[in-house]
2 protein chains.
Amino acid sequence: MSTPQTSTSQTARSTLTRARVLASAVALADREGVGALTMRSLARELGIEAMSLYHHVASKEDLLDGVTDLVVQEIQAAVAGIEPAPEDTPPSDWKHALRRRILTARSVLLRHPWAPAVLETRTGFSPHVVRYHDALVALLRRGGLSYDLVHHAMHALGSRALGFSQELFDPSGPGGDPAPTADDEALLARMADEAPHIVAMLAEVAHEDPESTLGWCDDQTEFEFGLDLILDGLERLAQREAR
Amino acid sequence: MSTPQTSTSQTARSTLTRARVLASAVALADREGVGALTMRSLARELGIEAMSLYHHVASKEDLLDGVTDLVVQEIQAAVAGIEPAPEDTPPSDWKHALRRRILTARSVLLRHPWAPAVLETRTGFSPHVVRYHDALVALLRRGGLSYDLVHHAMHALGSRALGFSQELFDPSGPGGDPAPTADDEALLARMADEAPHIVAMLAEVAHEDPESTLGWCDDQTEFEFGLDLILDGLERLAQREAR
DNA sequence: ACCTGAACACCGTTCAAGT
DNA sequence: ACCTGAACACCGTTCAAGT
């Protein structure tokens, strides 16, 4: 009856399982970035040989599939704790319900800064990604939107539905450190010639909010602005449909 | 006076220049995808040794920087042909002017399906990317929006400003072929359990438009829907500011 | 100055061999 | 059955050597 009680510490030597491989991969990516996640480094982390990984993972691609799915599973868990549950949400509250779910998803992704970039490279249908989006579709439908409008809505949200948006000018890069460099002013001066309007804009915006220099803007504020812009637009279209 | 008239065919042996290297790299990526763009394959394309590339390009990263900038330069050229020019655009037409520029940018990117994915990995400030965005900022400002609102607007547009948006469910992958597979129905059936609402939505949407099966939707239509949703929202906020 | 070839330090992965 | 080590076919890049 007494199954061997191996300790489940980090170096637990219990038989390797796909779940343990994936969990270890997420931890490694969190700590050192996806760039450091190689079959060899992951194996080293697990105290194993690189080739042994192929017994639990079909390929590197499969590993990345599993790893992103695990992150989205974490999102699912976080979102499951939101009350009221989707079924108990008053239909008219669909917008707030959606907003809360999406911002909760975002808060999870902030713990895995490398995840969005990997998520964007996945082409398959991760089970948890699908389930997450299904709940959003359900909420929108419950709010009275036609399936046609819901469909457009999901496309319009795009990756924002999962809580991230592509920042095209992000010197920290996807998952990098957010520290603005010291030569920001030099950069601004160099840009003044070719981008006078942007420079003027940043000068004024930075002036109003001395906290944030240059374009290193408040990601959270900007994300919510864009999200609300879309949600408000959808609400307007929904009301037009309802008439 | 007679400079050697080397033919400028594909295999032109004229002295190698950075411009020729980058142009060749874009052509290679267009033909075989970014995955096929390696220092070695690019060198072969140019009838040269791999190491010779480093005389015109600092590194692979620098090559990708240059290559994306070249694509955006192509966008710039296409957008420059739009009339009326930004300076002659009636201020009240800012929304249409923006829309036309963005859709023109998109039409260029459709010729380089690999470009969006690479663009997203660039952290630096490509000169042409900055210039392109500067024109958008100018148009928005000319339309009477405050710099603060313009700033939010640019963040809300994100990569949409350059004509692309991240599709999270795109089985063709970034820059892949758009052909839906034959086992779509099998996939739908398998998904029915975990994503009943999505399946119901797709069934109805597909029913209305038998042309497009499953989620392999009309990218152009969806892009324009999302873009208009944002632009209309911005217009509304601009009007509120103007009061 | 520009281009080359061999070599280095990495990848993901195949394969035959161990237990 | 699970794990291993050597090996293969790739990468980007360094370096000393050619012209």
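Here the structure is a predicted model, which means the values were calculated and not measured. Every chain is numbered from 1, with letters handed out A, B, ... down the list of sequences.
- Listed nucleotides C:dC3, D:dG5, C:dT4 differ in distance to B:L16; the shortest reach to its side chain belongs to C:dC3.
- With respect to B:E61 and B:R122, a salt bridge is recorded, a charged nitrogen being found less than 4.0 Å from a carboxylate O.
- In summary, B:R131 and A:D193 do not engage in a salt bridge, as defined by a charged side-chain N under 4.0 Å from a carboxylate O.
- Salt bridge status for A:R40 with A:E49: absent, with no side-chain N to carboxylate O gap under 4.0 Å.
- Here C:dC11 presents its C1' atom at 14 Å from CG of A:L63, a figure rounded to the nearest Å.
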- request: Carefully, step by step, assess B:H112 and B:E74 under the rule side chain to side chain donor-acceptor pair (under 3.5 Å).
  value: CA-CA 11 Å; B:H112 310 288; B:E74 195 179 329; 2.8 Å; yes
- line: Output field dot_bracket for DNA chain D (Watson-Crick or G-U, both distances under 3.5 Å, | for other-strand pairs) contains .|.|||||...|||||.|.
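- Rounded to whole Å, atom C1' of D:dG12 lies 14 Å from atom CG of B:D62.
- The distance from atom CG of A:L53 to atom C1' of C:dT14 is 15 Å, rounded to the nearest whole Å.
- Ion pair B:E224/B:R106 not flagged as a salt bridge, since none of the NZ, NE, NH1 or NH2 atoms sits closer than 4.0 Å to an Asp/Glu carboxylate oxygen.
- The side chain of B:I48 sits closest to C:dT4 out of C:dG12, C:dT4, D:dC2.
- For the pair B:L42 CG and C:dC3 C1', the computed distance is 15 Å after rounding to whole Å.
- For the residue pair A:T38 and A:S41, a side-chain donor N or O sits within less than 3.5 Å of a side-chain acceptor on the partner.
- OP1 or OP2 of C:dT4 lies within a sub-4.0 Å distance of a side-chain N or O belonging to B:S52.
- Taking atom CE on A:M51 and atom C1' on D:dG5, their separation rounds to 10 Å, with Å as the unit.
- Whole-Å rounding puts the B:K60 NZ to D:dT14 C1' distance at 18 Å.
- A straight line from NE2 of A:H55 to P of C:dC15 spans 14 Å, rounded to a whole angstrom.
- Taking SG of B:C217 as the start and NE2 of A:H151 as the end, the distance is 3.0 Å to the nearest 0.5 Å.
- Side-chain proximity of A:R40 to the nucleotides C:dC11, C:dT4, C:dA7 is greatest for C:dC11.
- The side chain of A:Y54 sits closest to C:dG12 out of D:dT13, C:dG12, D:dG12.
- Distances from the side chain of A:M39 to the nucleotides C:dG12, C:dC3, D:dT4 place C:dG12 closest.
- At whole-Å resolution of the value, NE2 in B:H56 and P in C:dC2 are 7 Å apart.
- Comparing D:dT13, C:dC11, D:dG5 by their closest approach to the side chain of A:T38 singles out C:dC11.
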